[in-house]
Amino acid sequence: PFLNVTQFFARSHEATMSIPMSERPAAMVSTSEIELAPAPTSSGMEHPTAAETATNASTDLGPPTGWTAVKQKIVSCFWEVEEHLADMFGLNDSKYQFAIDEYMQKKQEEEDRAEFEEWERQQEEEKENERLAAEADALEGGGDGFEGVRLTSDAGKE
């Protein structure tokens, strides 16, 4: 009938133990059942001599301790605060940005003016070419306005 929690876990544990460990999922294997492999034996490496240990100790840089650690933390904090203050007061901005902007604006205006003058020159050139073409057509008799001119010789009569 009804089982309390401890009876339930005891029965499920007994049922789990009846299954061989190799066939159970990893989650069902308890840590007390795992056999540890023996510690590996030395592979021929020797311990360093006292002189080597002393040399290594003098050249190794460990983590800072004491006042050195406190000093490094204060300095790193200072640089972080300094960076934020410089950004806030605009010290990282270009000192002469207004001059750069003014120069770029004048340069753009000059380029625009030169481009407009070139466009105007091309328009005037096109108008002049059209006028000259119309004048040449008129001189050759192919233009408008000269239909009423009569030929004086008989060469044009039929």
Side-chain angles (χ1 to χ4, degrees), residues 5 9 12 16 19 21-31 33-34 36-37 39-158:
V5 175
F9 283 117
S12 65
T16 304
I19 302 172
M21 189 166 46
S22 61
E23 296 175 10
R24 282 189 267 167
M28 295 178 71
V29 176
S30 70
T31 55
E33 295 177 307
I34 299 174
L36 298 176
T41 58
S42 176
S43 62
M45 292 182 60
E46 297 179 14
H47 292 284
T49 63
E52 290 173 337
T53 304
T55 304
N56 289 340
S58 67
T59 58
D60 285 349
L61 295 176
T65 57
W67 284 109
T68 307
V70 171
K71 185 174 110 178
Q72 284 183 350
K73 291 205 184 277
I74 290 173
V75 168
S76 66
C77 180
F78 169 76
W79 289 116
E80 187 75 23
V81 169
E82 182 206 20
E83 183 179 337
H84 289 293
L85 287 174
D87 285 339
M88 188 170 61
F89 290 117
L91 298 176
N92 290 337
D93 296 339
S94 176
K95 188 173 182 179
Y96 298 104
Q97 187 64 41
F98 70 94
I100 294 170
D101 292 342
E102 186 178 333
Y103 169 76
M104 295 303 282
Q105 183 178 1
K106 284 183 182 179
K107 185 177 177 183
Q108 184 65 37
E109 287 173 0
E110 289 173 3
E111 289 174 1
D112 290 346
R113 187 177 304 116
E115 186 178 320
F116 181 73
E117 288 172 357
E118 176 66 22
W119 179 80
E120 277 186 330
R121 189 185 59 76
Q122 287 177 353
Q123 293 297 320
E124 289 175 6
E125 213 173 88
E126 287 177 10
K127 285 181 183 178
E128 182 67 19
N129 287 340
E130 289 175 6
R131 187 186 65 77
L132 290 175
E135 192 176 300
D137 282 346
L139 289 176
E140 293 176 0
D144 294 336
F146 293 102
E147 291 83 16
V149 177
R150 296 174 35 139
L151 296 174
T152 55
S153 66
D154 292 332
K157 295 180 183 177
E158 296 179 27

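Computed from a prediction, not measured in an experiment: that's the story for all the values here.
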> Are E110 and R113 close enough that some pair of their side-chain heavy atoms sits under 4.5 Å apart?
Replying inline: yes

>> Is it the case that atom CE in M104 sees more than 12 heavy atoms from other parts of the structure closer than 6.0 Å?
In response: no

>> Measuring from atom CG of L91 to atom CD of E83, what distance do you get when rounded to the nearest 0.5 angstrom?
In response: 12.5 Å

>> If I take atom NE2 from residue H84 and atom CG from residue N92, how far apart are they, to the nearest 0.5 angstrom?
In response: 11.0 Å

> Do E125 and N129 have side-chain atoms, one donor and one acceptor, less than 3.5 Å apart?
Replying inline: no

> In terms of side-chain heavy atoms, does D112 have a donor or acceptor partner in Q108 at a distance below 3.5 Å?
Replying inline: yes

> How many angstroms lie between atom CD of E124 and atom CH2 of W119, to the nearest 0.5 angstrom?
Replying inline: 10.0 Å

> Just how far is it from atom CG of L85 to atom CZ of F78, taken to the nearest 0.5 Å?
Replying inline: 9.0 Å

> Hey, is the main chain of Q123 close enough, under 3.5 Å, to the side chain of E126 for a donor-acceptor pair?
Replying inline: no

> Can we say R121 and E118 salt-bridge, meaning some charged N sits less than 4.0 Å from an Asp/Glu carboxylate O?
Replying inline: yes

> Would one find more than 12 heavy atoms of other residues, nucleotides or ligands at under 6.0 Å from atom CD of E128?
Replying inline: yes

>> Within this structure, what is the CD-CD distance for the pair E115 and E117, rounded to the nearest 0.5 Å?
In response: 11.0 Å

